[in-house]
Amino acid sequence: MKKFIAIAFLFTLYACYETERSCKAYKTGTYYTETRINGTVYTSEFTRTKSLQIETYKDHIDSSEVRWINDCEVVFRTIHPKNRAERKDIHLKILTTTDTSYTYEYSYVGDVKKEKGVAYTTKP
């Protein structure tokens with residue numbers, strides 16, 4: 001009986017724990033991001049306003065329209081897509097936040113395969 005009470009207590013503590021997400025702070029700003037895909041780390045820098053995100057990756061500049069679904073989820077649409085893949089919208093969900101970064105997952109809209117990454121604020 002004591003084991004049952006101890007286990008129930010632990011589950012109660014675990015159920016009360018919620019990951020911090022202060023997503024509003026990351027709706028605009030300048031960031032750099034690191035994403036690992038198939039063991040390779042990709043980095044890029046981007047600036048996000050209320051309606052636009054401009055990203056630089058290996059000297060390639062990409063601009064996307066920004067549409068927030070809620071405080072922690074956003075959809076990006078490439079403004080001038082150059083191929084079929086760039087025509088697909090990207091859904092990004094912020095999973096956790098800290099004072100200087102956020103962890104996110106993203107995928108093409110409707111795709112079940114999701115990738116994860118971390119975005120860091122850049123110093124002004």
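Side chain of T98 to backbone of S101: a donor-acceptor contact under 3.5 angstrom is found. Side-chain atoms of T103 never come within 3.5 Å of backbone atoms of V118 as a donor-acceptor pair (strictly under, hydrogens ignored). E73 contributes no side-chain N or O that, together with a main-chain N or O of I69, makes up a donor-acceptor pair within less than 3.5 Å. Side-chain atoms of T35 never come within 3.5 Å of backbone atoms of G117 as a donor-acceptor pair (strictly under, hydrogens ignored). With hydrogens and angles disregarded, a donor-acceptor distance shorter than 3.5 Å links the side chain of Y31 to the backbone of T28. With hydrogens and angles ignored, the 3.5 Å screen pairs a side-chain donor or acceptor of R48 with a backbone N or O of Y26.
Residue E55 holds its CD atom at 10.0 Å from OG1 of T47, rounded to the nearest 0.5 Å. Rounded to the nearest 0.5 Å, atoms CG (D89) and CZ (R77) are 4.0 Å apart. Rounding to the nearest 0.5 Å gives a distance of 8.0 Å between OG of S44 and OH of Y57. How far CG of L52 is from OG of S63: 5.5 Å, rounded to the nearest 0.5 Å. Considering OG1 of T97 and NZ of K24, their distance stands at 13.0 Å, rounded to 0.5 Å.
The shortest side-chain heavy-atom distance between T96 and Y102 does not fall under the 4.5 Å cut-off. Under the 4.5 Å side-chain criterion, counting only non-hydrogen atoms from C-beta, T78 is in contact with S64.
A single hydrophobic cluster is seen to contain both I90 and I94, as judged by linkage of ILVMFWY side chains at heavy-atom distances under 4.5 Å, directly or through other members. Both W68 and F46 sit in one connected hydrophobic cluster of ILVMFWY residues. Membership requires side-chain heavy atoms under 4.5 Å apart, directly or through other members. Both Y42 and Y106 sit in one connected hydrophobic cluster of ILVMFWY residues. Membership requires side-chain heavy atoms under 4.5 Å apart, directly or through other members.
Defined by atom type and a distance below 3.5 Å, a donor-acceptor pair is present between the side-chain atoms of T33 and Y104. No hydrogens or angles considered: nothing links the side chains of E45 and T56 as a donor-acceptor pair under 3.5 Å.
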After noting the C-alpha distance and the side-chain angles of I79 and E65, does the key distance pass the side chain to side chain contact (heavy atoms under 4.5 Å, CB included) rule?
CA-CA 6 Å; I79 293 176; E65 294 175 355; 3.8 Å; yes
What's the verdict on side chain to side chain contact (heavy atoms under 4.5 Å, CB included) for L95 and K116, showing C-alpha distance, side-chain angles and the deciding distance?
CA-CA 9 Å; L95 303 174; K116 288 188 179 182; 3.9 Å; yes
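Between D71 and K27 there is a salt bridge, since at least one side-chain N of the basic residue sits less than 4.0 Å from a carboxylate O of the acidic one. A salt bridge links K113 with E115; the closest basic N to acidic carboxylate O contact falls under 4.0 Å.
Closest heavy-atom contact between K88 and Y108: CB-CD2, 3.4 Å. The heavy-atom pair separating V75 from H91 by the smallest distance is CG2-CD2, 4.1 Å.
Atom NE2 of H80 has 12 or fewer neighbouring heavy atoms from other residues, nucleotides or ligands inside a 6.0 Å radius.
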